[in-house]
Peer 1: 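So that we are looking at the same thing, I have put the structure below in structure tokens.
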Amino acid sequence: MTDYKELRLKASSSPHIRTKEDARSIMIDVLIALLPALAFAVYNFGLRALTVTLFSMAGCVAFEALYRLISRQKQTVGDCSAAVTGMLLAFVCPVTIPYWTILIGDFFAIVIVKQLYGGIGKNFLNPALAGRAFLFSWADIMSTWAAPGTRAAVWGAVDVVTYPTPMSYLHANDLSGLQAVYDPVQMFIGQHGGSLGEVSAMCLLLGFVWLLGRKVILWNIPVSYVGTVAVLTFLFPRGNDPMQWMLYNVLGGGLLLGAIFMATDYVTSPVSRRGQIIFGVGCGLITVFIRYFGSYNEGVCYSILCMNLVVWLIDKYVKPRRFGVPRTSIFKKKEASGK
């Protein structure tokens, strides 16, 4: 008879899955997926797009390393999550943003939103989007958009020609005015104004294909999110061409960037596939609601942050049924407990 006490078996919590994937490999895949959009940003806005992005990444890494050092915790900068946060935060800001401003956003995203709640895996808001929302305390800086083809100065005062974004036309219900400035092909390629990394739908979709191929994300959230916006804007257009109105709403603003890279964040999105679809639909509904009825012409940032706050509720009530447990048994158990 085997003496199990002498085997010195080590019990650990689930899941018991052996895989080469870890946080670092996943974050590197995200960084690779963002490279096409970064390359186009440099082409569209000049070298300052690269320096702002690198400065933001360095700021996030430095703040995380400094916080972990001061709090005497194990360093986590090696997992590259801070670098991803810095890159995403730069992507949702105008290329003209001063370096000191992006540094404030880095501090808020890493220290306040992420580290004070325990670090990676414990934050309940997307750090990059929370940092962007905080940076709107400087609304004039965050709403100065450079024209496509601008070559903003890398250092010193930034003096560029400001240009209305497609979202400003959509918010004013001026579809004909938008059509006169941009066509859907230009919108798809990214030849228009906007935040540093959101303008090129083509490059963002390349990143989406990479993440799907590497099995870093699933299609559930991006497709349900973008699909909801597409259906609502097609059914309730504010122009004489529902298809054009829908295309401009999908290709304009930060919808694709948010749906692919922000809403799919593991920590701040539901774990079940059904829950992820509900999450994506909720993000789409709030986005359209803000775009149609809000004073702000874009709703992606705040829609994802709002849905981040109810992820726990979605996870609680949208649970997969345990293997071997009939659905009727679950209902009987609830009735027996008086719920």
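Numbers here simply count residues along the sequence, with the first being 1. None of the values given here were measured: they were computed from a predicted structure.
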Peer 1: When rounded to the nearest 0.5 angstrom, what is the spacing between CD in Q186 and NE2 in H192?
Peer 2: 9.0 Å
Peer 1: Take V311 and K316 through the side-chain contact (heavy atoms from CB on, under 4.5 Å) test and state the conclusion after the steps.
Peer 2: CA-CA 8 Å; V311 165; K316 180 178 180 180; over 6 Å; no
Peer 1: What pairs meet the salt bridge (Lys or Arg N to Asp or Glu O under 4.0 Å) rule with one or both residues in residues 241-260, with sequence neighbours excluded?
Peer 2: none
Peer 1: For residues P184 and Y248, determine if any side-chain heavy atom of one lies less than 4.5 Å from a side-chain heavy atom of the other.
Peer 2: yes
Peer 1: Give a yes or no on whether the backbone of D140 and the side-chain of T144 come within a donor-acceptor separation of less than 3.5 Å.
Peer 2: yes
Peer 1: For F107, check side chain to side chain contact (heavy atoms under 4.5 Å, CB included) against everything at least two apart and list the hits.
Peer 2: F63, V111, I112
Peer 1: Distance-only criterion, 3.5 Å: show the donor-acceptor pairs between side-chain atoms of residues 126-135 and protein atoms not counting sequence neighbours.
Peer 2:
unit_1, atom_1, unit_2, atom_2, d
N126, OD1, A128, N, 3.1
N126, OD1, L129, N, 3.1
N126, ND2, M262, O, 3.4
R132, NE, V92, O, 2.8
R132, NH1, Y296, OH, 3.3
R132, NH2, Y296, OH, 3.2

Peer 1: In terms of hydrophobic clusters joined by side-chain contacts under 4.5 Å, are I97 and L50 together?
Peer 2: yes
Peer 1: Could you check whether any side-chain heavy atom of N297 comes within less than 4.5 Å of a side-chain heavy atom of L170, counting everything from C-beta outward?
Peer 2: no
Peer 1: Identify the two heavy atoms, one from Q191 and one from Y182, that lie closest to each other, and give their separation to 0.1 Å.
Peer 2: O-CE2, 3.3 Å
Peer 1: Using modelled atom types and a 3.5 Å cut-off, is there a donor and acceptor pairing between side-chain atoms of H171 and backbone atoms of G294?
Peer 2: yes
Peer 1: If Ile, Leu, Val, Met, Phe, Trp and Tyr residues are connected whenever their side-chain heavy atoms lie under 4.5 Å apart, and connections chain through other members, are I70 and Y67 in the same group?
Peer 2: no
Peer 1: If I take atom OG1 from residue T101 and atom CD1 from residue I141, how far apart are they, to the nearest 0.5 angstrom?
Peer 2: 4.0 Å
Peer 1: So if you build clusters from Ile, Leu, Val, Met, Phe, Trp, Tyr with side-chain heavy-atom gaps below 4.5 Å, do I217 and V271 land together?
Peer 2: no
Peer 1: Under 6.0 Å from the CZ atom of F136, do we count more than 12 heavy atoms belonging to anything else shown?
Peer 2: yes
Peer 1: At their closest point, which heavy atom of A109 faces which heavy atom of T85, and how far apart are they?
Peer 2: CB-CG2, 4.0 Å
Peer 1: Could you check whether any side-chain heavy atom of M187 comes within less than 4.5 Å of a side-chain heavy atom of D183, counting everything from C-beta outward?
Peer 2: no
Peer 1: Do the side chain of Q276 and the main chain of I221 share a donor and acceptor less than 3.5 angstrom apart?
Peer 2: no
Peer 1: Among residues two or more places apart or on two chains, list those pairs meeting salt bridge (Lys or Arg N to Asp or Glu O under 4.0 Å) that have a residue in residues 94-123.
Peer 2: E64-K114
Peer 1: Do the numbers put R48 on top of the ring of F55, so that NZ or CZ is under 6.0 Å from the six-membered ring centre and no more than 45° off the axis?
Peer 2: no
Peer 1: Could you verify whether a donor N or O on one side chain and an acceptor N or O on the other, from S303 and Y225, lie under 3.5 Å apart?
Peer 2: yes
Peer 1: Just grab all the salt bridge (Lys or Arg N to Asp or Glu O under 4.0 Å) pairs involving residues 281-301, residues at least two apart or on different chains.
Peer 2: R291-E298
Peer 1: A side-chain contact here means heavy atoms from C-beta on lying under 4.5 Å apart; do Y292 and T233 qualify?
Peer 2: yes
Peer 1: Would you please test L175 and Y169 for side-chain contact (heavy atoms from CB on, under 4.5 Å) and show each step?
Peer 2: CA-CA 7 Å; L175 179 60; Y169 286 99; over 6 Å; no
Peer 1: Might you work through the side-chain contact (heavy atoms from CB on, under 4.5 Å) test for R274 and I277, ending with a clear yes or no?
Peer 2: CA-CA 5 Å; R274 190 165 49 140; I277 292 175; 5.8 Å; no
Peer 1: Begin with the C-alpha distance, continue with both residues' side-chain angles, and end with the deciding distance and a verdict on side-chain hydrogen bond (donor to acceptor under 3.5 Å, both in side chains) for T287 and Y302.
Peer 2: CA-CA 8 Å; T287 297; Y302 298 105; over 6 Å; no
Peer 1: Do Y117 and F124 have side chains that get closer than 4.5 Å, going by heavy atoms?
Peer 2: yes
Peer 1: Does the cation-pi check pass for R273 over F279, that is, NZ or CZ under 6.0 Å from the six-membered ring centre and within 45° of its axis?
Peer 2: no
Peer 1: If hydrophobic clusters are built from ILVMFWY residues whose side chains come within less than 4.5 Å, do V42 and M57 share one?
Peer 2: yes
Peer 1: So, for C80 and M27, which heavy atoms are closest and what is the spacing to 0.1 Å?
Peer 2: CB-CB, 3.8 Å
Peer 1: Measuring from S176:OG to N240:CG, what's the distance to the nearest 0.5 Å?
Peer 2: 7.5 Å
Peer 1: Return the CG to OG distance between L31 and S81, rounded to the nearest 0.5 Å.
Peer 2: 10.0 Å
Peer 1: Could you state the interatomic distance from CD1 (I110) to CG (L66), rounded to the nearest 0.5 Å?
Peer 2: 12.0 Å
Peer 1: Whether the T268 and D265 side chains hold a donor-acceptor pair (N or O, under 3.5 Å, no angle test) is what I'd like checked.
Peer 2: yes
Peer 1: How close do A146 and V95 get, heavy atom to heavy atom, and via which atoms?
Peer 2: CB-CG1, 4.0 Å
Peer 1: Using atom types as modelled and distance alone, determine if a side-chain donor or acceptor of R238 lies under 3.5 Å from a backbone N or O of N173.
Peer 2: no
Peer 1: Using the rule that Ile, Leu, Val, Met, Phe, Trp and Tyr join whenever any side-chain heavy atoms are under 4.5 Å apart, tell me whether V226 and F91 fall into a single cluster.
Peer 2: yes
Peer 1: Quick check: does any side chain N or O of T51 sit under 3.5 Å from a backbone N or O of V154, one acting as donor and the other as acceptor?
Peer 2: no
Peer 1: Between Y99 and S56, do the side chains contain a donor N or O and an acceptor N or O under 3.5 Å apart?
Peer 2: no
Peer 1: Are more than 12 heavy atoms from other residues, nucleotides or ligands located less than 6.0 Å from atom CH2 of W312?
Peer 2: no
Peer 1: May I ask you to test the V300-I290 pair for a side-chain heavy-atom distance under 4.5 Å?
Peer 2: no
Peer 1: Kindly give the heavy-atom pair with the smallest separation between V113 and L125, and that separation in Å.
Peer 2: CG1-O, 3.8 Å
Peer 1: Would you be so kind as to tabulate the donor-acceptor pairs closer than 3.5 Å made by side chains of residues 199-212, with sequence neighbours excluded?
Peer 2:
unit_1, atom_1, unit_2, atom_2, d
S200, OG, I189, O, 2.7
S200, OG, C203, N, 3.2
W210, NE1, D29, O, 3.4
W210, NE1, D29, OD1, 3.4

Peer 1: Find the distance between CG (L285) and SG (C306) and round it off to the nearest 0.5 Å.
Peer 2: 12.0 Å
Peer 1: Can you name the closest pair of heavy atoms from T53 and A49 and give their distance?
Peer 2: OG1-O, 2.8 Å
Peer 1: A side-chain contact here means heavy atoms from C-beta on lying under 4.5 Å apart; do P94 and L196 qualify?
Peer 2: no
Peer 1: With side-chain contact (heavy atoms from CB on, under 4.5 Å) as the criterion, how do T264 and S269 come out once you've worked through the C-alpha distance, each side chain's angles and the decisive distance to 0.1 Å?
Peer 2: CA-CA 6 Å; T264 54; S269 62; 5.8 Å; no
Peer 1: Between the side chain of N249 and the main-chain N/O of W245, is any donor-acceptor distance below 3.5 Å?
Peer 2: yes
Peer 1: Do I286 and M307 touch side chain to side chain, with heavy atoms closer than 4.5 Å?
Peer 2: yes
